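Take a look at the structure set out below.
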Amino acid sequence: MVNRRQGSAAIAAGIFVLAAMAVVIGAAVVALFFEAAGSSAQTSPFYDSYIWRVARFTLLQASLSTAISVGLGIPLARAIARRQHFVGRTWLIRLLAVPIGLPPIIAALGLIEIWGRQGLVNSGLLWLGLAEPVSIYGLPGILLAHVFFNLPLATRLFLTQLDRVPSEFWRNADQLGLGASAVFRLIEWPFMRSHIAAIAGLIFMLCVTSFTLVLLLGGGPAATTIEVAIYQALRFDFDPPRAVTLAVLQLILTSLLLGLLALLGKAPEEGATLGQSTYRHPDRHLGSRVSDFGLIALAALFFVSPLVSITISGLSADLPRLLQEPIVWRAIATSLAIALCAAGLAVSLALILVRARHAAQPLAATRLWARLLRTTTTASTSLVLLVPPIVLGAGWFVLLRGRVDVFALAPVLVIVINGLMALPFIMRVLEPAHTTHMARTERLSAALGLTGRHRFVLVDWPGMKRAFSLAVAFAMALSLGDLGAIALFGSQDVITLPYLLLQRMGSYRTDDAAGLAFLLGLVCLALMVFASRETARPANETMPLTRRHSA
Amino acid sequence: MIGEQVVLDNVGFDRPGSSMFFDATFDSGTITAIIGPSGAGKSTLLNLVAGFETPTSGRVRIGDRDVTGLSPAERPVSMVFQDNNLFTHLTVETNIALGIRPRISRQPGDRETISEALERVGLTGFEKRLPGELSGGERQRVAIARAWLRRKPVLLLDEPFAALGPKLRRDMLHLIRTLQAETGMTTVLVTHQPDEAAGFAEKIVFIDAGKTIAHGPAQQFLSRTDVPGLAEYLGR
């Protein structure tokens, strides 16, 4: 930071935000540990076989989900990379990005429609004369849903790796007449191998902390993960000690995993390209073409079918009647209000942290504290991953219980938890954009003496608005689709769309559920479209989306 | 004539792994070229004068003022970088207007001033263009127009033409010379082309390993044998 006064203000703000985050997260963790220490003497739930069963299942489903996602991701990414030109390639790659913004509850509903008891797959099997239908509830359903979310992630990350192969490698391979297996062994595999551990670690972490999918698709105590068990202990069995034990267990698990992830190295950043920059001579063997396109078609079908199904059932649901219910409008309004606040919180925190990191950068070479600040800001986002929303919620639940009415504070708690949850992702959007922007403009602005509002209007807002809108839309979509925090703190007074959806599913009003999922998906889709369109917009336009929906 | 003398008075600049030391005087109204190997600290020297870096020890003086503690905008300096001299989302006109005053608002008369500056660098009628529509040479001309219009006593050029072809580079140097002769700005140019430097500048400063090694008239400078490291840098 060239201007020293602004620099120290940015650093001070960053330290304040870090301290606040440490208090919010630390209080929850400390509360959990105190509670656990206090209660273990009387009931010794640590030896409860239920808890060990839950922990074992959590690890089992995460291992299997990771193995399948990575195992299929490698050949799928290879097939897509090998076929540089086919109709719909760009759309397929976009489709792989859909799960980022897709609320899990919608995906779960879509998967049930395809793979469930009355779903397409089972009807097909019955028609073929197989009497025993496949059951989606339990381990198979959880695996299916985790693969639905993480196979695209793995594929995208592997594809990025393959895109990094210099095109001279392909030209050389062509010239030397290397066959497909030699190309795989000598080029593709080495480029993917270096990141397999990091990608697998990331997916494993996501599956260990996954809540919504397990809640909806898990089958009773036999197929429950720690996160869902915490929720059940707090909301159904009114057994806070058990929730605390589980939460502490989950904390230990996530910290071990984060340590392991740090050893494995960072998962590769995603490339911005659509993977068409590389020269690649197509492999013309019939066998490889059939296997490549077969794999691509199957994957596309697997990803698209639940989305299409949810759209069809959503459209055929009685939407007009649904939209006449005041509670639906209340849920939409609550959802949007919470999402807006959470996004505002997440983006503000992220901006302050990013600016502090940037301001500390020139000092980091000579000053230990500046280096420390830069490391801490990075670590703070990991801290958010360390304490999953449900655990954070459980901590605050335990802390506030008996002192204040927890459910009256629900909106605040949900906003804070959703905001913190979005923070690591928002940082990944904002930080690179901020770094590039500063590299382009910082010295020039300083040389010309551009400061304050003049600099903001002329330089910073035009330069950052795209990343900013993307961050806001992304944070809103995450918050809109969240079922974790609201499942803990929701009540008849505070109902969001996913919470209402869960209630309707619970009372077997499938038609309503489909309609609500469709509405929720529409809002999230609109947000994403808005965010990606923002590039082509003039600078000073406000967000039309929120106005449209509150009208 | 607006030029002022620039003095780096025993300026030390320390970073982990490197320690630089500059002691040099650039006389008022002269053109000086700075040459030296990559990483020797040529750009760092300019950044110290412009205020993008703060010395660990020593003083930087411009004219009779000590500017060591001043921010870049408070120093009587214009600097043209190799790249990113223009805000890419703003028109040529707005980019130049920011040189008149760094504010959102404009004043009557600005338009004429801007047109005149563009005319001076041979870009008449380019007001409404965006930097992305210009060639590399044209973008640098806009930056030079802005520097000319700001009329600061010191003009620093950090390899601004490194990415241009030989003819364009010669044209640009000629343009700088003309504008310099007209205003008398104390001009310091960092370059990777020693021969060009000898033809363009009055003085040459040779920097090696973070130190000002020698300083003298441009004529015959390159054939001097009393400058340690110079022969090796030139490959002789």
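Here is the naming used below: chain letters follow the sequence lines, and residue numbers restart at 1 for every chain. Computed from a predicted model, the values in this text were never measured in an experiment.
Residues from residues 19-31 of chain B never place a non-hydrogen atom less than 4.5 Å from a non-hydrogen atom of chain A. Residues of residues 117-142 of chain B lying within less than 4.5 angstrom of chain A, judged on heavy atoms, are absent. Applying a 4.5 Å heavy-atom cutoff, the residues of residues 81-91 of chain B that approach chain A are B:Phe81, B:Asn84, B:Asn85, B:Leu86, B:Phe87, B:His89, B:Leu90.
Residue contact with chain A, scored on non-hydrogen atoms closer than 4.5 Å, involves the side chain of B:Arg15 exclusively. Residue B:Arg101: no heavy atom, backbone or side chain, is found under 4.5 Å from chain A.
Closest of all the heavy-atom pairs between A:Arg453 and B:Ile104 is NH1-CD1, 3.9 Å. Of all heavy-atom pairs spanning A:Leu450 and B:Pro102, the tightest one is CD2-O, 3.4 Å. The two atoms that bring A:Ala446 and B:Pro72 nearest to each other are O-CB, 3.7 Å, heavy atoms only. Nearest heavy atoms, A:Leu448 versus B:Gly99: CD2-CA, 4.1 Å.
Summarising the geometry, atom CG belonging to B:Asn47 is positioned 5.0 Å from atom CZ belonging to A:Arg443; distances are rounded to the nearest 0.5 Å. Going from atom OG1 of B:Thr94 over to atom CG of A:Leu458 covers 8.0 Å, rounded to the nearest 0.5 Å.
Shown here is A:Trp369, whose CH2 atom has more than 12 heavy atoms of other residues, nucleotides or ligands within 6.0 Å. More than 12 non-hydrogen atoms from other residues, nucleotides or ligands lie less than 6.0 angstrom from CZ of A:Arg371.
In this view, A:Phe169 and A:Val165, A:Pro166, A:Ile187, A:Phe191 satisfy the side chain to side chain contact (heavy atoms under 4.5 Å, CB included) rule, not counting sequence neighbours.
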